[in-house]
Amino acid sequence: MKPVKFFNSLGRRLQEFEPLEPAHVGLYTCGPTVYDRIHIGNLRTFIFEDILRRTLRFFGYRVTQAMNLTDVEDKIIAAALEAEVDIDAFTAPHVESFFEDLAALRVERVEHYPRATEHVAEMIAMIERLLAAGYAYRADDSVFFRIAADHDYGKLSGIDLDQVRRGQRVQSDEYGKQDARDFVLWKGAKEGEPEWPSPWGPGRPGWHIECSAMSQKYLGKTFDIHCGGVDNLFPHHENEIAQSESANCCPLARYWLHSEHLTVDGEKMSKSLGNCYTLGDLLDRGLPARSIRYLLASVHYRQQLDFTFDKLAEAGRALKRIDDMRFRLAHEAEKDGDSASLDLAADDFENAFAAALADDLNTAAALGAVFTFVHAVNGFIDHGLPHGARARVQAALDRADQVLAVLDAGEWAGSPEAGGGLSDAEIDALVEARSDARASRNFAAADRIRDQLSEAGVVVEDTPDGSRWKRA
RNA sequence: GGCGACGUGGCCAAGUGGUAAGGCGAGGGUCUGCAAAACCCUUAUUCGCCGGUUCGAAUCCGGCCGUCGCCUCCA
């Protein structure tokens, strides 16, 4: 098994990855709060996590992953109240659209999608342990985590709470606490809000406790990798560590990986700027899901990525270069080419690709290797394709695509509008008719057919071996 | 105020001590009845600026300029 290196936010350094159990990885990834349709920033993180998961498998690990669904939280409660439905009815369509969006981008289903509302008992149990150990205290009907009792609080984010500005936001907090820095574990019930019974009276869990309780249930007290967007580093992940490690007296996760944010046209996404695109917004504009996945995966996960429509179009053109090579490869006859040197090119590609992924998931370099290989294969197509070349190239690309999931256009089919409604057989007939016209030097007729096909979105390519076509 | 990231060709983006991957674009070429499509070639003596360390720096150190993010809503 090849050593894989990750940049661990905990300690802020590149580390060789070693799982707790041989060949098995426990992975926890913070999931969505299901109060709205997720936006492309969320999708960037989920695609990063998907590539992490696929990369681990690529290197021979079995992966057990849990992604939570936050289905009870302030925004949800407020929105459900306004819509006059209970929170389950309110969140259901958002859960559904979340899964649809992931599927549209070929993000794999993970093993567990625990919901906060179904794990309140586990959260209560953890809060009880924290109370018993003196890490938590009750105030009014709520329970708070006592940061002063946690001596290594801040070790993930490097934050020094004494240096943090004490803003008005803390003063406006609705719940009483002893120290402004403390955070809530359990919120006492309020009129009209959903509530669960607890030893401290009815109420609902705080946001941070859900991940601590659910990761423990599905992955154990200590697991391998915890991921999320950088914004979660503080306070969410810091608080998860505080809760879990105080309750369990062992490390929560050994590696913490955080993906950088997506900006749009150089600015942070926000509703007021109107640049909070959802996948649906982009698909409605006719933009291909495949280009979206490519763009979001093409920049290293720890780099900010600025989303623009121009880049999305560029992504489509880059993919076309891959598609064109595969199209040419499929139509080119194998003959006595230099198969040893083709094998060498394929080996070089596979090695460079794997090395890039093993280096902290360097997808940009991995794609660079893909294009270098595309260039090499084009050379073989031009100068003589050896026997067995198609299978060898196909195998190399397929293996890489187990991680990237963008290299095979066929896997993304589903835009039948291309081709203008003409069936393959109809197109074949037209192309043949045009060839006949050309053969009899009736170029006017040939060009009419070419124009007709062009309007239908079909490109005819004339090669020394005859004409062939593809959908644009 | 505290913490952190980034600045590489026209645009995007790898590379973190050994002499600049890759994509898009642009220019040229091949092919063609003409085209188109595609492919091929070319396109950074240089990595924000100034100093320093070194045989050698885009890569390390110091300073400066600029951009961005987080600091308890946030992927």
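Keep in mind that this is a model prediction, so the values were computed, not measured. Note: hydrogens, waters and symmetry copies are ignored here, and every other heavy atom, side chains too, is used. Just so we're on the same page: letters track the sequence lines, and every chain starts at 1.
You can call A:His261 stacked on the base of B:A75; the centres are under 5.5 Å apart and the planes sit within 30°. Both thresholds, 5.5 Å between centres and 30° between ring planes, are met by A:Phe443 relative to the base of B:G33, so the two rings are stacked.
Remark: aromatic rings of A:Phe17 and A:Tyr255 are close, center separation under 6.0 Å.
With respect to A:Arg468 and A:Glu461, a salt bridge is recorded, a charged nitrogen being found less than 4.0 Å from a carboxylate O. A salt bridge is absent between A:Asp36 and A:Lys75: the closest approach of a Lys/Arg side-chain nitrogen to an acidic carboxylate oxygen does not fall below 4.0 angstrom. Contact check on A:Arg37 versus A:Glu100 returns no salt bridge, with no Lys/Arg side-chain nitrogen under 4.0 Å from an Asp/Glu carboxylate oxygen. Using a 4.0 Å cut-off between charged side-chain N and carboxylate O, A:Arg448 and A:Asp451 make no salt bridge. Looking at A:Arg204 and A:Asp74, a side-chain N of the basic residue comes within less than 4.0 Å of a carboxylate O on the acidic one, giving a salt bridge. Ionic pairing of A:Asp323 and A:Arg326 is not present here: no N-O contact between side-chain nitrogen and carboxylate oxygen is shorter than 4.0 angstrom. Salt bridge present: A:Asp50 and A:Arg293 bring a charged side-chain N and a carboxylate O closer than 4.0 Å. A salt bridge links A:Arg434 to A:Asp462: one of the charged nitrogens lies within less than 4.0 Å of a carboxylate oxygen. Using a 4.0 Å cut-off between charged nitrogen and carboxylate oxygen, A:Asp347 and A:Arg392 count as a salt-bridge pair.
Relative to the side chain of A:Glu461, the nucleotides B:A75, B:A38, B:C34 differ in distance, and B:A38 lies closest. For A:Val299, whose side chain is taken as the heavy atoms from C-beta onward, the closest listed nucleotide among B:A13, B:G22, B:U72 is B:A13. Among the nucleotides B:U72, B:A14, B:C11, the one closest to any side-chain atom of A:Pro235 is B:U72. Ranking B:C70, B:C39, B:G33 by closeness to the A:Arg450 side chain, first place goes to B:G33. Relative to the side chain of A:Asn378, the nucleotides B:C40, B:U72, B:G23 differ in distance, and B:C40 lies closest. The side chain of A:Lys268 sits closest to B:C70 out of B:C70, B:A37, B:A75. When distances run from any side-chain atom of A:Arg12 to the nucleotides B:A14, B:G4, B:C40, the shortest one goes to B:G4. Proximity note for A:Val459 (side chain, C-beta onward) versus B:C39, B:A37, B:C31: the nearest is B:A37. With B:C31, B:A21, B:C39 as the candidates, the nucleotide lying closest to the side chain of A:Arg321 is B:C39. Out of B:U72, B:G23, B:C71, the shortest distance to the side chain of A:Arg181 is found at B:U72.
Rounded to a whole angstrom, the distance from the P atom of B:G9 to that of B:G48 is 8 Å. The same atom, P, is picked in B:G51 and in B:A57; the two are 14 Å apart, to the nearest Å. Nucleotides B:U45 and B:A20 place their C1' atoms 10 Å apart, quoted to the nearest Å. The separation of B:C61 from B:G4, taken at their P atoms, amounts to 14 Å, rounded to a whole angstrom. A distance of about 30 Å separates the C1' atoms of B:G69 and B:G17, rounded to the whole Å. Using P as the reference atom, B:U53 and B:U59 are 15 Å apart when rounded to the nearest Å. For B:C47 and B:U42, the P atoms lie 23 Å apart once the distance is rounded to whole Å. When the C1' atom is compared between B:G7 and B:A13, the two are found 13 Å apart, to the nearest whole Å.
Applying the 4.0 Å criterion to OP1 and OP2 of B:G23, one finds that A:Arg317 has every side-chain N and O outside that range. Contact check, A:Lys320 against B:C24: no side-chain N or O comes under 4.0 Å of OP1 or OP2. The phosphate of B:C73 has neither OP1 nor OP2 within less than 4.0 Å of any side-chain N or O from A:His208. Between B:U72 and A:His236, no contact under 4.0 Å exists linking OP1 or OP2 to a side-chain N or O.
One interatomic measurement links the two molecules: CG of A:Asn232 to P of B:G4, which rounds to 20 Å at whole-angstrom precision. At whole-Å resolution of the value, CE in A:Met325 and C1' in B:A38 are 13 Å apart. For the pair A:Leu233 CG and B:C74 P, the interatomic distance rounds to 13 Å; values are reported in whole Å. In this entry the distance linking CD of A:Glu73 with P of B:C74 reads 7 Å, nearest Å. Distance A:Arg37 CZ to B:C74 C1': 19 Å, rounded to the nearest Å. A:Phe234 has its CZ atom 18 Å from the C1' atom of B:A5, to the nearest Å. For A:Leu262 and B:C74, the CG to P distance is 18 Å, given to the nearest whole Å. Computed from coordinates, the A:Phe98 CZ to B:A75 C1' distance equals 11 Å when rounded to whole Å.
Counting non-hydrogen atoms under 4.0 angstrom, A:Arg328 reaches the backbone sugars and phosphates but no base. Base contact: A:Val460 has a heavy atom under 4.0 Å from a base atom. Counting any heavy atom pair closer than 4.0 Å across all strands shown, A:Thr372 reaches sugar-phosphate atoms only and no base atom. Contact annotation for A:Gln303: backbone-only contact, meaning every heavy-atom pair under 4.0 Å involves sugar-phosphate atoms and none involves a base. Across all strands, A:Ala364 comes closer than 4.0 Å to base atoms (heavy-atom distances). Heavy atoms of A:Arg13 sit nowhere under 4.0 angstrom from any nucleic acid atom. As judged by a 4.0 angstrom heavy-atom cut-off over every strand, A:His300 is placed among residues touching the sugar-phosphate backbone only. Residue-level contact check: A:Gly368 touches the bases, meaning some heavy atom is under 4.0 Å from a base atom.
Across the strands present, B:A5 finds its partner in B:U67; the criterion is a Watson-Crick or G-U wobble pair with both atom distances under 3.5 angstrom. Pair check for B:G10 finds B:C24; Watson-Crick or G-U wobble, both atom distances under 3.5 Å. Shown here, B:U46 forms no base pair; nothing in the strands shown gives a Watson-Crick or G-U wobble contact with both key distances under 3.5 Å. Under the Watson-Crick and G-U wobble criteria, each requiring two contacts below 3.5 Å, nucleotide B:A57 is left unpaired. Nucleotide B:U16 is matched to nothing when pairs are restricted to Watson-Crick or G-U wobble geometry with both distances under 3.5 angstrom.
Between the side chain of A:Gln304 and the base of B:G69 there is no donor-acceptor pair of N/O atoms closer than 3.5 Å. The base of B:A35 lies outside donor-acceptor range of the side chain of A:Asp447, with no N or O pair under 3.5 Å.
Where A:Gly41 and A:Asp324 meet RNA chain B, the nucleotide closest to each residue was compared, and A:Asp324 sits on the side nearer the 5' end. Where A:Arg441 and A:His39 meet RNA chain B, the nucleotide closest to each residue was compared, and A:Arg441 sits on the side nearer the 5' end.
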